[in-house]
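Data first, discussion second: the structure below is written as structure tokens.
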Amino acid sequence: MKKLFLILISSLLLISNLYAQSFSYEEFVNKYNEASILYSQKKYVESIKILDQLVVDDFALQYPSVFLSRALALNYIGKYEEAKKDIEKCIELQPYALKPIFVRSMISIGLKDYNKALDDINYCLNKNPDWADAYHQKGIIYLNEKKYPEALKCFDDALISSSGNYKAEYFSDRAFAYYYMNKLTDAKNDFLYSLTLGENDNVYLCLIDICYKTNQYEEGLKYADTLIENKRCLESAVIERSYIYLSQDRYDEVKRDLDLISKTVYSNSSFHKVKCIYCILTDDFSVAKEEIKLAQTLNPADEDVLLLLDILNNPTKIDKQNIKNLTKL
């Protein structure tokens, strides 16, 4: 019986090997190109579905890029462990290629294994010391580790190494380093320059925040309106615009904005926080208490929320100007 079972298993493996290559070479290449187009359109799930077929094909062993491509797509949808398996397979098949090592560093960032990410990117830079993207990625690693001066130097190195072939993210990510170092003017300049190289909704949100913190309200409203009118990052842009309106005592506009998104942001603590501030400033303390409790439930670590709770528990201490400035701290 045992021998019969082994013969059956061997037969199944033989059949599996005979039918493993289900595509002709031309079909394989066409499928890969189709997956690449979907990936470039940020349709990662659809791209992965095609790549799932290709990685089990015999041609995959001759073209390890299918593993690299699926690793990248999986990385962008947050499936880091699966992405890591694919990139390790690619490295096994292409042990001397730098791109897979670079991508493994990227995946390690997603896994928060910053030491491994740094080891890989340093290896890449040792082999190719003029690789601008590698310096940029090294900066991202330091940015995640909150080592902002180190990140800033890496982003500078990326710009120098690029020889003028700039990418928007070289400037926008350097802007984040400046931002966290409280160099808001430098951050703003870099964010603005990045927009000349490519649109990015998060950059507009950061510009709104910087303008709010530096009292450049009308300019901040301009960036908010750009997003809202085009229905891009609508909820976040409306919340950011509301803070500017609060600073200008434009309470009718705040109410209009909050009503605009109220049905879609119930699970967003930032919405409940700004609504709490609005209610305090308009003397509606009962609703303010309800809103801040919701904000605390959704984000118990938010220091602003804890401060607002303390203020509402001691209403005689309320200083409305300080409350308006709360999120500028």
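What's counted below: heavy atoms across the whole structure, side chains too, no hydrogens, waters or symmetry copies. Worth saying up front: this structure is predicted, and the values here are computed from it rather than measured.
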Fill in the blank from the handout: Output for pair (Ile244 CD1, Tyr223 OH), nearest 0.5 Å, gives 11.0 Å
Handout entry: Over all atoms of both residues, closest heavy-atom pair of Phe67 and Cys90
Key = CB-CB, 4.0 Å
Practice task
Verify whether one side chain among Asp249 and Tyr251 offers a donor that lies under 3.5 Å from an acceptor in the other.
Solution key: yes
Practice task
Would you mind checking if Lys138 and Asp157 are paired as a salt bridge, meaning a charged N to carboxylate O distance below 4.0 Å?
Solution key: no
Problem - Backbone N/O of Arg104 and side chain of Ser108: donor-acceptor pair under 3.5 Å - result: yes
Exercise for the section: Answer yes when Lys188 and Glu219 have at least one side-chain N-carboxylate O distance shorter than 4.0 Å, and no when they do not. Expected result: yes
Exercise for the section: Answer yes or no: is there an ion pair linking Glu199 with Arg232, defined by an N-O contact shorter than 4.0 Å? Expected result: yes
Practice task
Report yes if the distance between the aromatic ring centroids of Tyr44 and Tyr39 is under 6.0 Å, otherwise no.
Solution key: yes
Practice task
Using only heavy-atom distances, determine whether the side chains of Ser194 and Tyr166 contain a donor-acceptor pair under 3.5 Å.
Solution key: no
Practice task
Taking the side chain as every heavy atom from C-beta outward, state whether Tyr135 and Ser162 have any pair of such atoms under 4.5 Å apart.
Solution key: no
Practice task
Determine whether Glu218 and Leu221 make a side-chain contact, defined as any pair of heavy atoms from C-beta on separated by less than 4.5 Å.
Solution key: yes
Problem - Thr264 side chain vs Ile261 backbone, donor-acceptor pair below 3.5 Å - result: yes
Problem - Heavy-atom donor-acceptor pair, Asn128 side chain to Cys124 backbone, under 3.5 Å - result: no
Problem - Any donor-acceptor N or O pair under 3.5 Å, side chains Ser105, Gln137 - result: yes
Handout entry: Ile292 side chain near His272 side chain, heavy-atom distance below 4.5 Å
Key = no
Practice task
Could you tell me whether the side chain of Tyr278 and the main chain of Leu258 form a donor-acceptor pair under 3.5 Å?
Solution key: no
Exercise for the section: Verify side chain to side chain contact (heavy atoms under 4.5 Å, CB included) between Leu98 and Trp131, making sure each step is shown before the conclusion. Expected result: CA-CA 11 Å; Leu98 288 183; Trp131 194 355; 3.9 Å; yes
Practice task
Would you indicate whether Tyr114, at its atom OH, is surrounded by more than 12 heavy atoms from other residues, nucleotides or ligands within a distance under 6.0 Å?
Solution key: yes
Practice task
Would you tell me whether Tyr170 and Asp133 have side-chain atoms, one donor and one acceptor, within less than 3.5 Å of each other?
Solution key: yes
Exercise for the section: Tell me, yes or no, whether the heavy-atom count around Glu303 atom CD, taken from other residues, nucleotides or ligands under 6.0 Å, exceeds 12. Expected result: no
Problem - Salt bridge Arg250-Glu253, side-chain N to carboxylate O under 4.0 Å - result: yes
Handout entry: Asp209 versus Tyr179, side-chain donor and acceptor atoms under 3.5 Å
Key = yes
Exercise for the section: Taking the side chain as every heavy atom from C-beta outward, state whether Lys31 and Phe23 have any pair of such atoms under 4.5 Å apart. Expected result: yes
Problem - Check: Glu26/Ser24 side-chain N/O donor and acceptor closer than 3.5 Å - result: no
Handout entry: Check: Phe176 ring centre within less than 6.0 Å of Phe191 ring centre
Key = yes
Exercise for the section: Examine distances only and state if a side-chain atom of Ser161 and a backbone atom of Ala158 form a donor-acceptor pair shorter than 3.5 Å. Expected result: no
Exercise for the section: Measure the shortest side-chain to side-chain distance between Leu195 and Leu207 over non-hydrogen atoms and say whether it is less than 4.5 angstrom. Expected result: yes
Handout entry: Polar side chain donor-acceptor pair, Tyr266 to Asn268, under 3.5 angstrom
Key = no
Exercise for the section: Tell me whether the centres of the aromatic rings in Phe59 and Tyr25 are closer together than 6.0 Å. Expected result: yes
Completion exercise
Closest non-hydrogen contact found for Ala295 with Lys273 is CB-N, 4.1 Å
Handout entry: Atom CZ of Phe285: over 12 foreign heavy atoms under 6.0 Å
Key = yes
Problem - Lys289 and Asn313 side chains, donor-acceptor separation under 3.5 Å - result: no
Problem - Within-4.5 Å side-chain heavy-atom neighbours: His136 and Phe155 - result: yes
Exercise for the section: Start with the C-alpha distance between Tyr217 and Tyr212, add both sets of side-chain angles, then the distance that settles side chain to side chain contact (heavy atoms under 4.5 Å, CB included), and finish with yes or no. Expected result: CA-CA 6 Å; Tyr217 299 136; Tyr212 172 64; 4.1 Å; yes
Practice task
For Asn230 and Thr226, indicate whether the former's side chain and the latter's backbone hold a donor-acceptor pair under 3.5 Å.
Solution key: yes
Practice task
Heavy atoms only: give me the nearest Tyr243-Ser270 pair and the separation to one decimal.
Solution key: OH-O, 4.3 Å
Handout entry: Residue pair Gln296 / Glu291, side-chain donor-acceptor N/O under 3.5 Å
Key = no
Problem - Heavy-atom side-chain proximity of Ile141 to Ile109 below 4.5 angstrom - result: yes
Handout entry: Exercise: identify the closest heavy-atom pair between Leu54 and Ala60
Key = O-CB, 3.3 Å
Handout entry: Derivation and outcome, side chain to side chain contact (heavy atoms under 4.5 Å, CB included), residues Leu306 and Asp310
Key = CA-CA 6 Å; Leu306 298 176; Asp310 182 61; over 6 Å; no
Exercise for the section: Can you see which heavy atom on Ser22 is nearest to which on Asp57, and at what distance? Expected result: N-OD2, 3.1 Å
Practice task
Output yes when Lys89 and Glu92 qualify as a salt bridge under the 4.0 Å nitrogen-oxygen rule, no when they do not.
Solution key: yes
Completion exercise
Residues Gly198 and Ala168: closest non-hydrogen pair is N-CB, 4.1 Å
Exercise for the section: Using atom types as modelled and distance alone, determine if a side-chain donor or acceptor of Asp257 lies under 3.5 Å from a backbone N or O of Arg241. Expected result: no
Practice task
With the side chain counted from C-beta on, respond yes when Tyr178 and Leu184 share a heavy-atom pair under 4.5 Å apart, and no when they do not.
Solution key: no
